[in-house]
2 protein chains.
Amino acid sequence: MSLAHAVLTSLLEKPSSGYDLARRFDKSIGYFWHATHQQIYRELARMEAAGWIESSIPADAGKTRKKEYRVLAAGRKELARWAEQSSPPMDLRDEFMVKLRADAVLSEVNLRPELARHLALHRDKLAQYQTIETRDFPADRTLSRHAQIQHMILKKGILYEQNSIAWTLEMLDVLAQLAAPKGSSTP
Amino acid sequence: MSLAHAVLTSLLEKPSSGYDLARRFDKSIGYFWHATHQQIYRELARMEAAGWIESSIPADAGKTRKKEYRVLAAGRKELARWAEQSSPPMDLRDEFMVKLRADAVLSEVNLRPELARHLALHRDKLAQYQTIETRDFPADRTLSRHAQIQHMILKKGILYEQNSIAWTLEMLDVLAQLAAPKGSSTP
DNA sequence: TGCTCCATGTAACACGTTACATGATTGC
DNA sequence: GCAATCATGTAACGTGTTACATGGAGCA
């Protein structure tokens, strides 16, 4: 389990409401660990019951139901314990590879539109990441420990997208060759 | 849902028992879609109930409980339908990035042993992939459509591992710098 | 008035993981 | 005879997804 720990990390960076957390999970942390608001509320309830976090009504709540969560000592300790524990490296789980394999055996599926769509999405995401990079991490050497680590996390995302783009282009090329090989009529 | 479709693909490539499928999911397809034998048996039961596959006792069963599954026309149709459907690109879900972020905010975790461990695992996997590549895909141009697609799937894995290795090395370097900056005593 | 956004939640279900159970076959 | 491997399954639980519900605040 690891969503709880992602939430703890996020709360340590900045005490927040469940709603705010859910939105932050669509950015920063969410690039590597997505979660819906329902999952987040469920985890917050559990962690409060476990004594890892506590909630209070913030000053700017007004008449809303807004709550703000803070990490307690027990939560911080749990996060440190978990972080030092070893865990298997991420496993790929790429639906598109299954589709490709299905196409390889069926030979009757046209995956090119989907590939083109993914290509555009990867390029968008890469552009986003690069914008963040030039804005937040200008000249490495002067950056704090915290910022240097954040930068490396972002770089991982950038590498991944660049990778995906390169591979997708090659794949499109292969499919184009297969669809219209030299000197043949339509397949 | 996509495990069912991964299983269908695997069965089209070669009709098999649940046990054989489970083992194949630790190789080839499993590089991009892992599943335990319990999941596979559950899916096989569902798909048989849905009329996508059928089972029979194979000639070499002897007194064992062995069953062999084959894909029916309905299953093949379902796989083609699913494969043409668009789906979001794979999302990263990397526990280690959460740990890094936790370290960035806690500053009291030593992630270097874990990074070194992952580095070794990535190198192993890359070596495995490259062995398969030189064995199965020698001189692209003469390969069948099926083999060319399989090769591209393998290449995706190779790129991913190379990427991970490069990033991990850089990360180790950053952590080493942070632990022992120029002109300082032990931290 | 009705729309969108803020904010929190319940319920049901699908998928993934772990532990356990059972029994036959193969090899030492 | 005993251990490992083949082969299939049940049960319980944890996590992730989807749909729905509720109600206040701000705005046209």
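Per chain, numbering begins at 1; letters A, B, ... match sequence-line order.
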Colleague: For residues A/Phe96 and B/Phe32, establish whether the separation of their ring centroids is below 6.0 Å.
Modeller: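 Aromatic pair excluded; centres sit 6.0 Å or further apart.
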Colleague: Do the two ring centres, one from B/Tyr19 and one from B/His37, sit under 6.0 Å apart?
Modeller: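 B/Tyr19 vs B/His37: aromatic centres not under 6.0 Å.
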Colleague: For residues A/Arg81 and A/Gln85, is any side-chain donor paired with an opposing acceptor at under 3.5 Å?
Modeller: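 Looking only at side-chain atoms, A/Gln85 and A/Arg81 do form a donor-acceptor pair, the distance falling under 3.5 Å.
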Colleague: For B/Ile40 and C/dA14, give me the distance from atom CD1 to atom C1', rounded to whole Å.
Modeller: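 After rounding, the gap between these two atoms is 17 Å.
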Colleague: At what angle, to 10 degrees, do the two end axes of the helix from C/dT1-D/dA28 to C/dC28-D/dG1 meet, given five pairs define each axis?
Modeller: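 For the helix from C/dT1-D/dA28 to C/dC28-D/dG1, the axes at opposite ends meet at about 20°.
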Colleague: Between atom CE in B/Met47 and atom P in C/dA14, what is the gap in whole Å?
Modeller: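 Distance check: B/Met47 CE to C/dA14 P gives 16 Å.
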Colleague: Consider the side chain of B/Gln38, meaning its heavy atoms from C-beta on, and name the nucleotide among D/dT17, D/dG9, C/dT10 that approaches it most closely.
Modeller: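 Per side-chain heavy atoms of B/Gln38, the pick is D/dG9.
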Colleague: Counting side-chain heavy atoms from C-beta on, which of D/dT8, C/dG16, D/dT18 comes nearest to A/Thr36?
Modeller: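 Given the options D/dT8, C/dG16, D/dT18, the side chain of A/Thr36 is closest to D/dT18.
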Colleague: Please state how far atom CZ in B/Arg93 lies from atom C1' in C/dT17, giving the value in whole angstrom units.
Modeller: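 These atoms are roughly 15 Å apart.
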Colleague: Within a strict 4.5 Å, meaning less than it, do heavy atoms of the A/Arg24 and A/Ile29 side chains meet?
Modeller: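 Counting from C-beta outward, A/Arg24 and A/Ile29 never come under 4.5 Å.
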Colleague: Under the 3.5 Å rule, do the base of D/dG9 and the side chain of B/His37 count as making a donor-acceptor pair?
Modeller: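 A donor-acceptor contact between them is present.
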Colleague: Between C1' on D/dG9 and CG on B/Leu21, what's the gap in Å once rounded to a whole number?
Modeller: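 About 15 Å, once rounded to whole Å.
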Colleague: Test for a donor-acceptor pair under 3.5 Å between the base of D/dG14 and the side chain of A/Arg42, counting only N and O atoms.
Modeller: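 By the distance-only test, no, there is no pair.
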Colleague: Tell me: CG of A/Leu3 to C1' of C/dG16, nearest whole Å?
Modeller: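 In whole Å, C/dG16 C1' lies 15 Å from A/Leu3 CG.
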Colleague: Please tell me if the side chains of B/Val71 and B/Trp52 come closer than 4.5 Å, counting only heavy atoms from C-beta onward.
Modeller: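 No, every pair of side-chain atoms sits at 4.5 Å or beyond.
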Colleague: The side chain of B/Trp33 lies closest to which of these nucleotides: C/dG16, D/dG16, C/dT18?
Modeller: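 Selected nucleotide (nearest to the side chain): C/dG16.
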Colleague: Considering only heavy atoms from C-beta outward, does the side chain of A/Trp82 approach that of B/Glu95 to under 4.5 Å?
Modeller: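 They are in side-chain contact.
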Colleague: Mapping B/Glu68 and A/His34 onto DNA chain D by nearest heavy atom, which one lands closer to the 5' end?
Modeller: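 Of the two residues, B/Glu68 wins.
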Colleague: Just the rounded figure in Å: distance from P of C/dG9 to CG of A/Leu44.
Modeller: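 Distance check: A/Leu44 CG to C/dG9 P gives 9 Å.
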Colleague: Does A/Gln39 put a side-chain nitrogen or oxygen below 4.0 Å from OP1 or OP2 of D/dT15?
Modeller: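 Checking A/Gln39 against D/dT15: no side-chain N or O falls below 4.0 Å of OP1 or OP2.
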Colleague: In whole Å, I'd like the distance from the CD atom of B/Glu95 to the P atom of C/dG16.
Modeller: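 The answer, rounded to whole Å, is 17 Å.
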Colleague: For the pair made of CD in A/Glu43 and C1' in D/dT15, what is the distance, rounded to whole Å?
Modeller: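 Checked: the CD to C1' distance equals 8 Å.
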Colleague: Out of the candidates B/Glu68, B/Met47, B/Arg70, only one should pair with B/Glu54 under the side-chain contact (heavy atoms from CB on, under 4.5 Å) rule; please name it.
Modeller: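 Exactly one candidate clears the test, B/Arg70.
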Colleague: Check nucleotides 3-7 of chain C for protein N or O atoms closer than 3.5 Å to its own N or O atoms and list the pairs.
Modeller:
from	atom 1	to	atom 2	distance (Å)
C/dC6	OP2	A/Tyr19	OH	2.9
C/dA7	N3	A/Arg65	NH2	3.2

Colleague: Does some side-chain heavy atom of B/Arg101 sit less than 4.5 Å from a side-chain heavy atom of A/Gln150?
Modeller: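 Yes, at least one pair of side-chain atoms sits under 4.5 Å.
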Colleague: Side-chain contact, heavy-atom cut-off 4.5 Å: B/Met171 with B/Leu100?
Modeller: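 In short, these two side chains touch, coming nearer than 4.5 Å.
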Colleague: Hey, what's the ring geometry for A/Tyr31 with A/Tyr129, parallel, tilted or perpendicular (30° and 60° as the breaks)?
Modeller: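 Taking A/Tyr129 first and then A/Tyr31, their aromatic rings stand perpendicular (interplane angle over 60°).
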